[in-house]
Amino acid sequence: MRSVRHPQVPAQAGRRPRPPAAAARRLPRPRLTGLGGGLFACAAMLLVAGVCWLLFDSSLFAYGLLFLPVAAATALWVRPADLITAPVCVPIAFAAGVWPVSGGSGGFGGELMGVVSALSLHAGWLYAGTLVAGLISLVRRAALSGRRRAAAARRTGAGTGAGTGTGTGGGTGGGRSRSAGRSSAAY
């Protein structure tokens, strides 16, 4: 039996499969304000606490372990202008969500002592999540600063005749405009 080769449809002839990076760019990239990031982290940690209470018998180990991805997601989803808020709101969210799994003995005083005990005994998870959020925010801020500097250098280099000093810098600035020095210092 002979194999029959079907001709390709013209729309598929020049189409190449997309690389995984292109598929990752299509994923949603929410940008939360500082307040939105704090509310997201608090809601996520209350949800995590409820899941730990139902599935893991109020395990603070599981709560702390699930705190790390929430801290990372909060730091990744906060918009660039509010990056400083991620390491601040993440520990607040840890404290807000620890109540269901704290194991208080009833009454306001007993519940409060359970929360304080859980926070003090599992401070390692709290510090680790805060460190994760802080490092992600720091790396994102450094990358943003580098991109802004590169864009400013491209603008000044392209707009002044490739650094010949004939641009708007007054002729003595070596091709740099006056606003280029201020734009990198303002960030």
Side-chain angles (χ1 to χ4, degrees), residues 19-152 182-187:
R25 277 186 241 130
R26 291 183 314 184
L27 293 175
R29 296 184 54 117
R31 291 290 171 225
L32 301 172
T33 62
L35 179 62
L39 290 174
F40 164 75
C42 285
M45 289 314 296
L46 281 171
L47 181 68
V48 164
V51 167
C52 288
W53 180 66
L54 288 173
L55 298 179
F56 302 117
D57 196 30
S58 298
S59 170
L60 282 168
F61 176 76
Y63 179 78
L65 193 63
L66 292 172
F67 171 64
L68 299 178
V70 169
T74 302
L76 287 171
W77 288 346
V78 169
R79 64 185 186 162
D82 294 328
L83 278 174
I84 192 67
T85 61
V88 173
C89 68
V90 165
I92 295 169
F94 185 90
V98 80
W99 171 72
V101 294
S102 64
S105 62
F108 180 73
E111 293 292 329
L112 183 64
M113 287 305 295
V115 168
V116 170
S117 296
L119 288 174
S120 64
L121 293 174
H122 296 280
W125 291 112
L126 180 63
Y127 293 146
T130 305
L131 182 67
V132 164
L135 288 176
I136 289 174
S137 297
L138 186 67
V139 167
R140 283 188 61 204
R141 187 67 174 171
L144 181 67
S145 178
R147 274 185 269 156
R148 285 182 179 165
R149 280 197 190 121
R182 278 184 272 142
S183 67
S184 64
Y187 301 112

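Residues: numbered from 1 along the sequence shown.
When all heavy atoms of Cys42 and Ala96 are compared, the closest pair comes out as SG-CB, 4.2 Å. In terms of heavy-atom proximity, Leu65 sits nearest to Pro69 at O-CD, 3.2 Å. Between Ala75 and Leu83 the shortest heavy-atom distance is O-CD2, 4.2 Å. Pairing each heavy atom of Val101 with each of Ala49, the nearest pair is CG1-O, 3.4 Å. Shown here for Arg140 and Leu76, the closest heavy-atom pair between the two residues is NH1-O, 3.2 Å. Closest of all the heavy-atom pairs between Ala86 and Val78 is CB-CG2, 4.3 Å.
Between Phe61 and the choices Phe56, Trp125, Phe67, the ring-ring contact (aromatic ring centres under 6.0 Å, His included) rule is met once, by Trp125. Under the side chain to side chain contact (heavy atoms under 4.5 Å, CB included) rule, Val98 has a single partner from Leu60, Val116, Leu126, Val48, which is Leu60.
Residue-environment remark: CG (Leu121) exceeds the threshold of 12 foreign heavy atoms within 6.0 Å.
Separation of atoms CZ (Arg79) and OG1 (Thr85) is listed at 9.0 Å; rounding is to 0.5 Å. The structure places CE of Met113 at 12.0 Å from CZ of Phe108, a figure rounded to the nearest 0.5 Å. Considering CG of Leu131 and CG of Leu138, their distance stands at 10.5 Å, rounded to 0.5 Å. If you take OG on Ser102 and CG on Leu112, they are separated by 9.5 Å, rounding to the nearest 0.5 Å.
In this structure, Ser117 contributes its side chain and Gly114 its backbone to no donor-acceptor pair below 3.5 Å. A donor-acceptor pair is defined here as one N or O able to donate and one able to accept, closer than 3.5 Å; no such pair exists between the side chain of Tyr63 and the backbone of Trp53. No donor-acceptor distance shorter than 3.5 angstrom exists from the side chain of Ser145 to the backbone of Arg141, with no hydrogens or angles considered.
Annotation: side chain of Thr74 is not in contact with side chain of Leu32 (no heavy-atom distance under 4.5 Å). Side-chain contact between Val115 and Glu111 is absent, with no heavy atoms from C-beta onward closer than 4.5 Å. Proximity of Phe94 to Leu119: side-chain heavy atoms (C-beta onward) are separated by under 4.5 Å at one or more points.
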